[in-house]
Amino acid sequence: MRKPVAPPPTTELRPTGNRLKMSGGRPLRTDGQHNAAIHGHSMYQGRLHGALAHRLGVDILKGTFKSGEILPNEIESSSKLDISRSAYREAIRILAAKGMVESRPKTGTRVTERERWNLLDPEVLGWMFETEPSQDFIKSLFELRLITEPAAAELAAVRRSDDQVEQMRTALDIMKRDTLQTETGRRADLDFHHALIQATGNEALASLSSSIEAAVSWTTRYKARHNALTRDPVPDHERVFEAIERRDAGGARWCMESLIRMAHEDTQKTFHP
């Protein structure tokens, strides 16, 4: 008869708790404050489960908690972090929905293998860029964009409506005025790509829009974080827009492919300045 395999030892969660408290978390009950804080308690717990999922997610992505490791159990963790057990369970549910952990009776919550993680979840992409993403991961995002966005631009040139053209024009005007160095300009960049994907009229492709927009957003922020943009990418967007406006499907595809390749080259310069 086979002997049961003992689960691997749990990983200490204290560093996560400390970082949560340093970033704005605090014990929910202190002497003399309990009655006054009853209303705020539930609101804080509601915010805290998201903050805890965020912190655990970042720690998993950067390897503090490795695949196969068991996270500290619910009772232990809720006590150390001074949060309710329900808030901790909700944080684990968030991570499980993203494929990053799985909970099993008697063995606890285990970090899953990386290939099961939903790396295209916009929230997970954001967490990834709080770590130092590898060159291979950055390259994979640009490869994803090369597979999807040139085809989307080609479809948009054929199927776009006049309203969608105006949405892209408005976004482009803001990008030219405010530049991609500003939050307003980066938001307009996302609006441009969103309008373009919606203009394809392809429901399945549109379902990828949040992931593609997140990839656009975080790679743009990544370039700006390491170095000022040395080349203005707005003219690349203008060429895509002009091709879509005149319904030049082949031109739109070529211009979008050129835009993405140039953006990848700009990003590579942050690794090899």
Side-chain angles (χ1 to χ4, degrees), residues 7-31 33-133 137 190 207-215 217-218 221:
T10 61
T11 305
E12 176 62 60
L13 189 58
R14 187 174 294 111
T16 300
N18 291 342
R19 283 194 298 275
L20 280 171
K21 293 179 180 179
M22 289 172 62
S23 63
R26 61 184 182 278
L28 295 175
R29 291 194 299 173
T30 56
D31 292 341
Q33 294 179 320
H34 178 54
N35 292 334
I38 290 176
H39 177 67
H41 183 283
S42 60
M43 293 178 61
Y44 179 67
Q45 289 288 335
R47 293 194 304 270
L48 187 56
H49 73 255
L52 179 57
H54 172 195
R55 193 68 265 159
L56 287 170
V58 171
D59 282 345
I60 289 170
L61 288 166
K62 69 182 182 182
T64 301
F65 301 120
K66 294 179 171 51
S67 294
E69 289 186 357
I70 301 294
L71 294 181
N73 66 48
E74 178 183 306
I75 297 174
E76 175 189 359
S77 299
S78 59
S79 175
K80 285 181 178 177
L81 299 176
D82 198 10
I83 62 175
S84 69
R85 293 173 63 181
S86 63
Y88 183 81
R89 285 196 298 270
E90 185 58 33
I92 295 301
R93 288 192 193 100
I94 291 172
L95 295 177
K98 300 178 189 302
M100 301 180 76
V101 301
E102 63 179 1
S103 298
R104 293 180 179 176
K106 299 182 181 180
T107 61
T109 300
R110 184 189 306 270
V111 179
T112 59
E113 299 78 14
R114 184 182 175 93
E115 55 265 25
R116 293 178 58 183
W117 303 348
N118 184 3
L119 295 177
L120 291 184
D121 181 296
E123 196 168 24
V124 175
L125 273 176
W127 298 345
M128 177 69 79
F129 278 87
E130 289 188 36
T131 69
E132 189 65 25
F137 182 72
L190 296 186
S207 70
L208 295 176
S209 63
S210 60
S211 296
I212 293 171
E213 290 162 31
S217 175
W218 288 109
R221 289 174 181 273

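Only this structure's heavy atoms are used, side chains among them; waters, hydrogens and symmetry mates stay out. Values in this document were obtained by computation on a predicted structure and should not be read as measured data.
- Note that the OG1 atom of Thr131 and the CG atom of Asp59 stand 10.5 Å from one another [nearest 0.5 Å].
- Remark: Arg116 engages Glu113 in a salt bridge, criterion side-chain N to carboxylate O under 4.0 Å.
- Scanning both residues, Ser210 and Ser207, for their nearest heavy atoms gives OG-O, 4.5 Å.
- Thr112 contributes a side-chain N or O that, together with a main-chain N or O of Gly99, makes up a donor-acceptor pair within less than 3.5 Å.
- Interatomic distance, Ser217 OG to Ile212 CD1, rounded to the nearest 0.5 Å: 13.5 Å.
- Between atom CE of residue Met100 and atom OG1 of residue Thr109 there is a gap of 13.5 Å, rounded to the nearest 0.5 Å.
- Leu119 and Met128 get closest at one heavy-atom pair: CD2-CE, 3.9 Å.
- Although no hydrogens or angles enter the test, the distance criterion places a donor-acceptor pair under 3.5 Å between the side chain of Ser211 and the main chain of Leu120.
- To the nearest 0.5 angstrom, Glu132 atom CD is 12.5 Å from Phe137 atom CZ.
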Chi angles and distances behind the side-chain contact (heavy atoms from CB on, under 4.5 Å) call for Trp117, Ser67: CA-CA 11 Å; Trp117 303 348; Ser67 294; 3.8 Å; yes
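- With Trp127 as reference, Leu61 is the one residue of Asp121, Leu61, Leu56 to meet the side-chain contact (heavy atoms from CB on, under 4.5 Å) rule.
- When all heavy atoms of Lys66 and Val111 are compared, the closest pair comes out as O-CB, 3.4 Å.
- Proximity of a side-chain donor or acceptor of Lys98 to a complementary backbone N or O of Leu95 within less than 3.5 Å is not detected.
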Trace of the side-chain contact (heavy atoms from CB on, under 4.5 Å) decision for Leu71 with Tyr88: CA-CA 12 Å; Leu71 294 181; Tyr88 183 81; 4.2 Å; yes
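- Considering every non-hydrogen atom in both Gly50 and Ile94, the closest pair reads CA-CD1, 4.5 Å.
- Counting only distance, with no hydrogens or angles, the side chain of Arg110 and the backbone of Gly68 share a donor-acceptor pair below 3.5 Å.
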